[in-house]
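See structure below.
Protein chains get the first letters and strands the later ones, always in sequence-line order, with residue 1 at the start of each. Being a predicted model, the structure only gives us computed values, none of them experimental.
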4 protein chains.
Amino acid sequence: MARKRVGNKRERIISAAAKFFGERGYHNTTTAKIAEAAGVAAGTIYIYFRSKEELLVAVFEEFLGVHMDRLREGIAREPDPEAKMRRLISLGLELMEENPHSARIFLSQLRQSTEMIKMVTKRSSRAYKDIIEEVLEEGMRCGVCRKLNVRAAASMLFGAFQSTVLDWVADDSSYPLASQAEELTEFILIGLGCRSEEASRQQAV
Amino acid sequence: MARKRVGNKRERIISAAAKFFGERGYHNTTTAKIAEAAGVAAGTIYIYFRSKEELLVAVFEEFLGVHMDRLREGIAREPDPEAKMRRLISLGLELMEENPHSARIFLSQLRQSTEMIKMVTKRSSRAYKDIIEEVLEEGMRCGVCRKLNVRAAASMLFGAFQSTVLDWVADDSSYPLASQAEELTEFILIGLGCRSEEASRQQAV
Amino acid sequence: MARKRVGNKRERIISAAAKFFGERGYHNTTTAKIAEAAGVAAGTIYIYFRSKEELLVAVFEEFLGVHMDRLREGIAREPDPEAKMRRLISLGLELMEENPHSARIFLSQLRQSTEMIKMVTKRSSRAYKDIIEEVLEEGMRCGVCRKLNVRAAASMLFGAFQSTVLDWVADDSSYPLASQAEELTEFILIGLGCRSEEASRQQAV
Amino acid sequence: MARKRVGNKRERIISAAAKFFGERGYHNTTTAKIAEAAGVAAGTIYIYFRSKEELLVAVFEEFLGVHMDRLREGIAREPDPEAKMRRLISLGLELMEENPHSARIFLSQLRQSTEMIKMVTKRSSRAYKDIIEEVLEEGMRCGVCRKLNVRAAASMLFGAFQSTVLDWVADDSSYPLASQAEELTEFILIGLGCRSEEASRQQAV
DNA sequence: AATGAATGAGTCTTCATTCAT
DNA sequence: AATGAATGAAGACTCATTCAT
């Protein structure tokens, strides 16, 4: 019970921080506001986190950890690279949709300032791109996808993905993000040469 | 002459601001540092700009204005949508390369905080995407490019483009950004269905 | 047994506090650190002491009590004022040497701030000076020592004594404090007119 | 005029700081209070001093500089070591009397905490003791004063001096400090063997 | 008696902005 | 137009103290 309360508090702080960081950005969020929203005293934050910056990192890692686990799980079940890529996209969008505040931080708030933060950001994009690269390589090995620079391609795919999510966030999540999955998948699969434009056109029909 | 000096100072402030905002982010840059780097007194900034935030917007618009003009000029000379898209990509990368500090701000620093900034950001992405959408629509009309949701596609293309530039910025501009043009063009054109993967493969040979 | 444990804890807290107060000063020592060093929980300190300040006073009185008792005992055994003064000096230095942390607090840390502390400090210096004054008065009555303002003289003696100890503390107790006893005694006894400089020179031989 | 104002402000801050540091101690003085007493805004302190600690050091050095200069000047005019020692004592007390707040800091407040402060403290006591040592050495060379360990003796003299001043400060400067000069001089000169107790007794008559 | 998580008042310090010169 | 000293509001963080367990 006591244990639970503790966990509860940490979670509440992270959750409040995610909300504010996502909404107004790191620098426009005061620790006082986070504490208030989390229903704890100002000093309590510093029991769980060494600094505001560390809290940001925690928010981030919390999100990233779950995110990556679920993505890897999700694609593991898929039989072939194309299916994996489809799953990656749709699951990725789903995860973002579940947690729009963290999504926003993940996609943009971290591109700021300090070295600590930069490192974390890099690591996170890397995590995402790593998965993409794995799928791309498998696709190339199987001949399902055209020959391409895996590194660069992964970055582009990730960029297209990000942009789609950011549009949605910028629109205050006013439409289901999943509705973009088909278009995005199409664009990416064709771009990867997984399917000719004819095939895709037919399937669409 | 006096006029020129004035212009000179304004420019110097904008330039210094662009440098610092791009390097350390908006919130980690003090107006004092900008003034120092621009070789003006602290108060002088407030003769040219109402606030720090307005300076950020100015930095941004300066960059965006030139950027858009040159992009529009560049594609105007191209004969067909595919060539325009190619030009858009290569010229876009060139412009970013010319001005890495502003590029950084353009791509990431602005995704922060206040309403004022958000509006500017939105407008800027919009400006970029507008051009892309125009080209896409023309492409669809001509049948050069497959049928697609222009809005969504433009966003994805822009995302792929952004991601490529950000990778380059994150790598401290250690390689020529132009070297990424071919790969990016390939990915986008194929994704748009402008060319089959065979055609592209042949051309590469 | 339970009683003993309690006493044990109180002692451990006082001892830890003395160490830290002496080393880093009252204000640079947190109750948390004291608790940790004493091997008790943060709240436990407040079972034994009403406040941090009261703990300081306790540390101080603990030290002072033992100190004064032993000084009084020590000089009681001596036959004449000169011998008493000698004993006072050598025993005083010994006691300081035994307990350098408390010595440091006694000599300098207490010259700070609040009324409560000031009172305690005054009382402690007073206790020390009282003993000195008693010896001086006896010396004057016996004609062993020249006529002087007892109050002022006691203060000066105490100052010379303090300074000697502080030098030693400042040198990280790198030499035996007792080594200073002879020089200090000489200076004081001559200053008191207990002995001509010739007499003292002879005795030294 | 402008220059004067600036100097004025720095001085006012130092003066206010000296007052509070001396009265309540460094840690019990807030920068806000200093600013208020100095008639400046809170932030203004940080234009002149990098930190509160640096302000303390400045207060201290200001005092020490003038102090030492005047002491050296004062003894330079005296013909022989004994006269110099007398002058040192009376002038020292005078200087302390002129500036009781700084005196208090000089004598006790600095024996706290941080390395920065410790260094300054050491340096200051050293400055004082250096002068004393010089005079003592000259005295020994001339045969005016008995052979003794100069280092240790200087420390004791300084201690006796300090103690006299602190008593006065502790008594809220309720009597002229100069009234202690004779007693202190007597004690020290006799202690140094400059004069027999008979001689001193006669002179007193 | 003991714990240690939680509190929240208190502080130093920063920095955008102003304004007298 | 330009300066830069001065402002003072704001914010991260600390820590003595409390209290439910």
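If you measure from atom NE2 of B/His27 to atom P of E/dT14, you get 18 Å, rounded to the nearest angstrom. Atom pair B/Tyr26:OH and E/dC15:P shows a separation of 13 Å (rounding to whole Å applied). Atom CZ of D/Phe20 and atom C1' of E/dT11 are 16 Å apart (whole Å). The CZ atom of C/Arg10 sits 17 Å away from the C1' atom of E/dA2 (whole-angstrom rounding). The distance from atom CD1 of D/Ile47 to atom P of E/dT13 is 15 Å, rounded to the nearest whole Å. Taking atom CG on A/Asn8 and atom P on E/dA6, their separation rounds to 10 Å, with Å as the unit. Nucleotide F/dT17 holds its C1' atom 14 Å from the CD1 atom of C/Ile13, rounded to whole Å. One atom, CZ of C/Phe49, and another, C1' of E/dA1, lie 15 Å apart when rounded to the nearest Å.
Contact annotation: A/Lys52 does not reach the phosphate of F/dC13 (side-chain N/O to OP1 or OP2, under 4.0 Å). Residue D/Thr31 places at least one side-chain N or O under 4.0 Å from the OP1 or OP2 atom of E/dC12. A sub-4.0 Å separation between OP1 or OP2 of E/dA6 and a side-chain N or O of A/Tyr48 is present.
Residues forming a side chain to side chain contact (heavy atoms under 4.5 Å, CB included) with A/Ala16 (at least two apart in sequence, or on another chain): A/Ile34, A/Ala37, A/Ala38. A/Ala42 pairs by the side chain to side chain contact (heavy atoms under 4.5 Å, CB included) definition with nothing, not counting sequence neighbours. Partners of D/Glu36 under the side chain to side chain donor-acceptor pair (under 3.5 Å) rule, at least two apart in sequence or in another chain, do not exist in this structure. Partners of A/Lys52 by salt bridge (charged side-chain N to carboxylate O under 4.0 Å, His left out), not counting sequence neighbours: none found.
For DNA chain F, the stems formed by at least three consecutive Watson-Crick or G-U pairs, with both atom-pair distances below 3.5 Å, span E:2-21 with F:2-21.
Looking at heavy atoms from C-beta onward, A/Glu54 lies in side-chain contact with A/Ser51 at the 4.5 angstrom threshold. At least one side-chain heavy atom of B/Ile14 sits under 4.5 Å from a side-chain heavy atom of B/Phe49.
Considering only side-chain atoms of D/Tyr46, the nucleotide from E/dC12, F/dT14, E/dA16 that sits closest is E/dC12. For A/Ser51, the listed nucleotide lying nearest its side chain is F/dC13; candidates were F/dC13, E/dT3, F/dT17.
Projected onto DNA chain E by closest heavy-atom contact, B/Thr30 and D/Thr30 fall at different nucleotides, the more 5' of which corresponds to D/Thr30. Nearest-nucleotide positions on DNA chain E place D/Arg50 closer to the 5' end than the other of B/Arg50 and D/Arg50.
Using the six-membered ring where Trp is involved, B/Phe21 and B/Tyr26 have ring planes that are tilted, between 30° and 60° apart.
In this structure, A/Thr44 contributes its side chain and A/Val40 its backbone to no donor-acceptor pair below 3.5 Å. Looking at A/Glu62, its side chain never comes within 3.5 Å of a backbone N or O of A/Ala58 through a donor-acceptor pair. In terms of modelled atom types and a separation under 3.5 Å, the side chain of C/Thr29 and the main chain of C/Gly25 share a donor-acceptor contact.
Contact check of residues 32-45 of chain B against DNA chain F (heavy atom, cut-off under 4.0 Å) returns B/Val40, B/Ala41, B/Ala42, B/Gly43, B/Thr44.
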